[in-house]
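Below: one structure, written as structure tokens.
In what follows, chains are A, B, ... by sequence order, proteins preceding strands, each numbered from 1. Atom set for the values below is all heavy atoms of this structure, side chains included, hydrogens, waters and symmetry mates excluded.
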Amino acid sequence: MLAKPQEFEQRLARGLESLYVIGGDQPLLVQEARDGIVANAREAGCEERLRFEVDGKFDWGALESQGASLSLFASQRIIDLRMPGGKPGRVGSKALSTLAERVKGGGESDIWIVSLPRLDNQLQKSAWFKALAGAGLAVRFNDVPLAQLPAWITRRAATHGVRLERDAAELIAGRVEGNLLAAAQEIEKLALMDLEGPVDAARVAQGLANQSRVDTFALSDAVLDADRQRGLYLLSRLRAEGTEPLLILWVIARDLRALVALAGNDQAGFKKTRIPAFLARRYQARARAMPPGNWQRLLAGCAEVDRCIKGLGEGCNTADGGGRVWALLDRVMLHATRPGR
Amino acid sequence: MQLTVSRPDLLDAINRVIGGVEKRQTMPILGNLLLEVDADQLKLTGTDLEIQLESECPVDAPQPGRTTVNARKLHDIIRAIPAESQIVIRQEEGFVIVQAGHSVFRLACLPADEYPRMEATTEEHRLVLGQDRLRAMLDKTQFSMAQQDVRYFLNGLLFEVSPERIRCVATDGHRLALAETDSQQSIEETLRIIVPRKMVMELMRALDRDDNSPVELLVSTQQIELKLAHQRMVSKLIDGRFPDYERVIPKNNSKQVHVDRETLKQVLQRASVLNTDRFAGAHYHLQSDRLAIEAINSDQESSREEIPVHYQGDDLKIAFNISYMLAILSHVDDMQVRMDFETPESSALILPTDEDAIRTRYVLMPMKI
């Protein structure tokens, strides 16, 4: 039911539809899709655009009545509805389902663009989403996997007339940590510099700020892949971003609990951690790669970090207690990412 | 600088310029009023560089001088002072002292030389119209102006002046109001200018609805200026193309209804009890000589009322925004209004049954049912 980005582009090239539902992890891709629709609509003579941002206090009644108010000057308008939270609530669900029905019945004269965040399972299962996707064109813009990011950056740079050396693309990819918006900005910056010939890593490094935003859950990947360097790097980035150590500890401890459970063949214990089932295999493999007592010991190490965060333990109640917390986190990470047997 | 002034005179003068001062400014001095004292009067100026308002008031024992002082603070102080006080204002060691009876206020001031002023209007056109008539023209149209619309040219009022008539037009994209009056003007070509919303509102405040003495509007390509007794108002014009409004005024709507204005107004006011949302609509079901008005809110509560009208023709079901219709009905003077409909999706033309010295036309777009 969900269209791929390529399919979306083909259909957009063929003509405008009255409902677009676009969503994905990457604001950049969603934004560019929206801009594409708006540009096409403008070309077709559709000048008026109403924009709504759905938050907790959003008035769905006002959206409905404004959508229903016809315009004196334009026969067709763009209604740009943005739902960064992805949760319309009870009233909103009903309003969106009504909209879907109207579109399906061909009774909608305006062009609706509904922008959503990541289209996760819960969102895709909701009645309103199904109704919208059934009535209009729903597109998911997937995250670009880390391994494909350099290629994505190279392609994008080419459309801006910038030729990137392989190492330069890799450097940008590493620094932006999957943040496509930041990558796109770097490319635009390079394009503005109007450099001659291919751009290499040294050149990029000069003007590149470290703009990555790391996700605490990326720590799990580092543990599962036994990637020590990445694990420590992520911790240092999270520290620089001012992430609460307690949050990081929670992620690591959850992983360790899962590993302890799987090492002891305790499936129910794994379920309790609420880690998605499709990841079970990776956890299983990692759990078996180390001697069973290993994970239990590390979990005890987490308890020490926890005490330290709360100001207990040696050197933790000083003003510099924070530094000790991070040192302890590093230690846990070092052990948790030890290569397997 | 020093002066003595009565509170009512000063308060009146401040009230006439305070609208020009924005609550938040880009430059601190724009939060101030410019005070200028000459041989026999005090002149006040307030501006946000889009609009500039000036007023004058008579003073006693003046010592000439000029300074600037925070507008809101001065306004609040003068308002709080007992009604019949005599106020002494003087400059002392970099401060402005405001003294009334036993109250003494010391206010910070900024140098008058740094006060930014808009340029004088180079007169290219001069329009002359009765004060009461100009105010009525504005009053009958201003409510349809857009507010903070991205189509910036809608956030104002179009003045269209030809040698024989003046037209005011305002629209927010859903409704349109037009007022027109015959008036001999000494211009050769039709002049079209868009006056910003803020100036329209200030003009409404300044103009006297019962005074039929003529006033002069000076117009250049960028500015408009109005001089009244003890008052001067200057505003930049909106540089943009107003939409082709004649195109959207329906000419051939065939379903003509005559309805008592006050009755319809009261029905809609009752309907709006359940529909407080300013975008809410009501359904109109038109049949021979009767009109039923039904409104439903989001909680499925509803109201229904039927009124007698003069209508012969096919049935019609159409919906309109309640507050838009009410605004139109409130600005028509006639007892009876005429409404011309065509289809549920096409615009309605609403006008008084009897023509006045000022002719008005209102266009309202329906809502989807």
Would you say A:Ser115 and A:Arg34 are linked by a side-chain donor-acceptor pair, where the criterion is simply a distance under 3.5 Å? yes

Counting only non-hydrogen atoms closer than 4.5 Å, does B:Arg151 touch chain A with its backbone (N, CA, C, O), its side chain (CB onward), both, or neither? side chain

May I ask you to check whether A:Ser18 and A:Glu108 show a side-chain donor-acceptor distance below 3.5 Å? no

Is chain A contacted by the side chain of B:Leu364, its backbone, both, or neither, given a heavy-atom distance below 4.5 Å? neither

Non-hydrogen atoms of chain B under 4.5 Å away: do they reach the side chain of A:Arg77, the backbone, both or neither? side chain

Can you tell which part of A:Glu48 gets under 4.5 Å to a heavy atom of chain B, answering side chain, backbone, both or neither? side chain

Is chain A contacted by the side chain of B:Thr171, its backbone, both, or neither, given a heavy-atom distance below 4.5 Å? side chain

Salt bridge A:Arg82-A:Asp80, side-chain N to carboxylate O under 4.0 Å: yes

Could you tell me if B:Arg167 and B:Tyr245 have a donor-acceptor pair between their side chains, going purely by distance under 3.5 Å? yes

Would you check if there is a donor-acceptor pair between the side chains of B:Ser323 and B:Asn321 at a distance under 3.5 Å? yes

